[in-house]
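Only one structure is covered here, and it is reproduced in the block below.
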Amino acid sequence: MSETLLEVRNLTVSFGRGAGRNVAVNGLSYELARGETLAIVGESGSGKSVSSLALLGLLPRQGAQVEGGQALFNGRDLLTLSDTERRKIRGDRIAMIFQEPMTSLTPVLRIGLQMTEALVEHKGMRQREADEKAREMLRLVELDDPPRRMRQFPHELSGGMRQRVMIAMAMALEPDILIADEPTTALDVTVQAQILDLMRGLKDSFGTAILLITHDMGVVAEMADRVVVMNHGVKVEEGEATALFAEPQAAYTRRLLAAVPRLGALSQSDAPRQVVEAGAPVGKTVLRADGLCKTFAGRGGLFSRGTATVAMSDVSFDLRAGETLALVGESGSGKSTSGRAVLRLIEVDEGQIDLEGTDLRRLGGAALRRARRGMQMVFQDPFASLNPRMNVGRLVAEPMTIHGIARGRDLEDRVVELLERVGLEADHTRRFPHEFSGGQRQRLCIARALGVGPKVIVADEPTSALDVSVQAQVLELMLELQQSLGLAYLFISHDMAVVEEMSHRVAVMREGRIVESGPRRAVLNNPRHPYTSALLAAVPKPDPTAVRGKIPPLDLEKLPMGPLSEVEPGHWVAT
Amino acid sequence: MTTETIEAPARPERPQRAYAALFRSPSGAVGLVIVAVLVVCAILAPYIAPHDPLVMAAGPRLEPPSLAHWMGTDQFGRDVLSRIIYGSRLTLMIGTIAVGISLSAGLLLGLVAGYASGWTERVLMRIVDVLFSFTEIVIALACIAILGVGLVNAMIAIGIASIPFYARVTHSIVLVEKNKPYFESAVAAGASHARLIFLHLLPNVIPTLIVIGTLGVSTAVLAAAGLSFLGLGAQPPQPEWGFMLSSSRDLISRAPWMMIFPGLAIAITVLGFNLLGDGVREVLDPRQRAR
């Protein structure tokens, strides 16, 4: 291996002091060689981000302290440098890109100014030279019309474009090390694939070493030469990516890899995995949505009308008892809007929503509230979807209280029963939501939804805020509940691998329209719409040996977005 | 099925924690002590006050502070200390009544407007905006012009004048909370309007309003003192602090103690409620709670 660029020895970082002291990183050591990509992988709370923030002196000043260790870079210990010296290295020799491209650019300054600032500061360039360099970098990150981009403000760019700008800014200084903290987590999967391609390309042409911090095993497999696996602040395993994926040594790594959903695992089966013996079969149709349309009026000014956004246009689907229909798409595709519309959390402009023969759109007031008993929702963010001021007992009991299903002693018993059903304990009823972890909260949400005995559960990205091992447990629970209770799920997700694991049928959405729908096996194994194929191709595979070519850019203008036509029984594609 | 390890340490009951936290923040502790002293003075006034606050010639007139009269006497020979102690009753009354009026009305307006949305919201909030465009003291003066001069009317006037402020704050909190998934989740569960407002919105609005209300007490006390100073609030012989200030105006060079002590009382009370408000905010801050 080539020369070692960065050597971290026994790094220990803690938060708080005294009895509340919490060691976030405990004796972490690794080496980073010139030109290699080292991935630091772990779930939330593993200390993966904290360890790299410590290198750059970016830890919160209050509360966090580096307790020991060294980080040798060019023979100097980064951890003991003065603020001034560290600032010189930061941005110049070591650059960093963050997870959230929406907030890591200053909103009030033009892109050009933000890009050239560091060049003038660190490289002593004149503004002219810096402008020239910035334009060249924007070309390198494949943004069109660099001179125009330089004059734009961050809000004029999409998330993917902003992340490109961030990368261009970081690489303009030709750093030795690029620290990328979850660089693609906030992006859509097709954009993620492009950004990863871009980072790989730049790494090769600049010879930069990348320290990639991520929770996503697919991204690791695609990018990393070597991998450090962390858990609870401790390094549990380190090795070459191919070896680590093929033969993980540590038990934790094996568990982590086993929990990662793999696209294609169920390609030979029509239904999700059976987790219950003799589960409820797919029954008759319980929910039918027909021609749903929704346009959000733009907020116009005093003299202008504002531009309207079409969130849903002619969206139709049906859902049978015991069946999961997955609504798949990227951000802005209208999949969440459709889920909410079905529950009438959003009023649609046109169309019919039919739940077991009742037209929900005709109902009002009390009748609608009664009908809501048949449909419940599980939200994406388990931290915001539980009222923080109600205890668990009341939260789980609430829907049953509303519908007068049980009261008093009986109600308490049912709450306990539900908690145990979703894998929580009876004595949790007196606690408040903030005392639970994300996975536990999602179980609470499910328990809450189950109380009224719904026919349909709309699950809006129920596991995308969770760690993969927790995700696997929650998905397992959902499968088990479906198969034993005959629930119908409208499962909204952007994650193709999760969709494959959960669903019987799939509807792919783009820009408010369903562009392809049909049995899961047919749609995922034999996609007929170019957009579906692109989505599937973009999913990073948790297997370093699978070589993926560069994904051809999708010509978005020419995608067929017309009415659906049937290409094989039950399989519909937009023309 | 594998269950994740369930670990959430047992916590003491919530109120206990809140008090303990209030004492842990230095400003909260000081504020709490000041307000507690004020409350004790108000309750036990007849027992602590050395003299009757109203009886004239309890001592010689305009006597400087002495052992018999710690804060001196006024131009009618009334004991200033006793008047200040009794005045704490009026001060607390002003604070609670004025804030009570503005808080409850503002809360109701803001809740209804924020929850209802659409036309109701627009009309209600525009009315609030119009009221907001006048200084509070102007509205208070207008109310007094209608209701007539007097301490109780002054309290009501001050209360009415700050309704728009509370309405706006409530409205903005409601708008934030209404867009959180837990609210949608309750709607999806089939909750009625009353349930949504009183069980889901209200408990999430109240903590912020408690903080603002605590801070508002000090504003109300100041405003009442101001109105009394102008002769629109407390009337003789009420021992109201602002009124005591105004009646000492002509004697400032001969008997400065008549002005200094009521002034100090007002200042310390305002400081106390401000500190308490800050302390309460720290305690109710979700980030603090999460620890």
Side-chain angles (χ1 to χ4, degrees), chain A residues 16 20 275 340 343-345 365-366 368-373 375-390 394-395 398-403 422-425 427-428 430-437 439-440 443 445 448-449 451-452 458 460 469-470 472-473 476-477 480, chain B residues 1-18 21 24 116-118 122 173-174 176-210 283-291:
Chain A
V275 295
R340 285 182 161 69
L343 287 161
R344 273 194 68 188
L345 289 173
L368 175 63
R369 284 201 287 275
R370 269 196 304 282
R372 279 186 164 144
R373 191 176 157 179
M375 255 197 292
Q376 293 289 309
M377 181 150 184
V378 175
F379 293 85
Q380 170 174 6
D381 183 356
F383 293 87
S385 54
L386 294 166
N387 188 338
R389 304 203 178 261
M390 281 185 159
R394 283 178 67 204
L395 278 167
E398 186 180 33
M400 291 187 280
T401 318
I402 291 170
H403 295 286
V422 298
L424 295 171
E425 286 167 26
D427 64 350
H428 285 159
R430 304 286 293 278
R431 304 235 176 114
F432 284 82
H434 70 264
E435 298 174 48
F436 292 86
S437 69
Q440 291 173 331
R443 287 170 193 270
C445 293
R448 194 174 136 87
V452 292
V458 177
D460 188 357
S469 58
V470 182
Q473 294 166 10
E476 173 100 10
L477 172 67
E480 189 251 328
Chain B
M1 193 178 63
T2 46
T3 315
E4 44 191 311
T5 47
I6 283 151
E7 22 139 5
R11 282 166 186 269
E13 293 294 298
R14 287 160 69 81
Q16 218 180 324
R17 265 197 294 145
R24 242 182 284 127
S117 67
R122 262 176 251 171
I173 303 173
V174 169
V176 171
E177 297 296 325
K178 218 173 73 165
N179 282 319
K180 290 197 179 156
Y182 77 81
F183 184 81
E184 268 193 323
S185 144
V187 175
S192 61
H193 295 306
R195 186 175 194 93
L196 289 172
I197 295 180
F198 294 111
L199 263 107
H200 289 280
L201 291 180
L202 196 58
N204 286 292
V205 173
I206 291 279
T208 315
L209 283 197
I210 291 177
V283 172
L284 295 178
D285 189 329
R287 279 169 298 179
Q288 295 271 329
R289 248 188 307 134
R291 278 188 198 157

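Chain A is the first sequence line, chain B the second, and so forth, proteins listed ahead of strands; every chain is numbered from 1. This is a predicted model, so every value here is computed, not measured.
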Could you look at Q376(A) and say if it's the side chain, the backbone, both or neither that has a heavy atom under 4.5 Å from chain B?
side chain
Nearest non-hydrogen partners of N204(B) and N387(A), listed with the distance
ND2-OD1, 3.0 Å
Rounded distance [0.5 Å steps], CZ in R448(A) versus OG in S185(B)
3.5 Å
Non-hydrogen atoms of M377(A) and A188(B) that approach each other most closely:
CB-CB, 4.5 Å
Ranked by heavy-atom pairs below 4.5 Å to chain B, first place among Q380(A), M390(A), R370(A), R344(A) goes to M390(A)
Could you tell me whether a side-chain N or O of R389(A) sits under 3.5 Å from a main-chain N or O of P203(B), the two making a donor and an acceptor?
yes
Apply side-chain contact (heavy atoms from CB on, under 4.5 Å) to L196(B) and list each qualifying residue two or more places apart in sequence or on a separate chain.
Y115(B), F183(B), A186(B), V187(B), A191(B), H200(B)
Counting only heavy atoms closer than 4.5 Å, note whether M400(A) contacts chain B via side chain, backbone, both or neither.
neither
Looking at L345(A), L343(A), L368(A), which one has more heavy-atom pairs under 4.5 Å with chain B than the rest?
L345(A)
How many angstroms lie between OH in Y182(B) and CD in E398(A), if you round to the nearest 0.5 Å?
11.0 Å
Measure distances from T401(A) to the heavy atoms of chain B and classify the residue's part below 4.5 Å as side chain, backbone, both or neither.
side chain
The reported gap from OG in S385(A) to NZ in K180(B) (rounded to nearest 0.5 angstrom) is 11.5 Å
Name the region of R340(A), side chain, backbone, both or neither, that has any atom closer than 4.5 Å to a heavy atom of chain B.
side chain
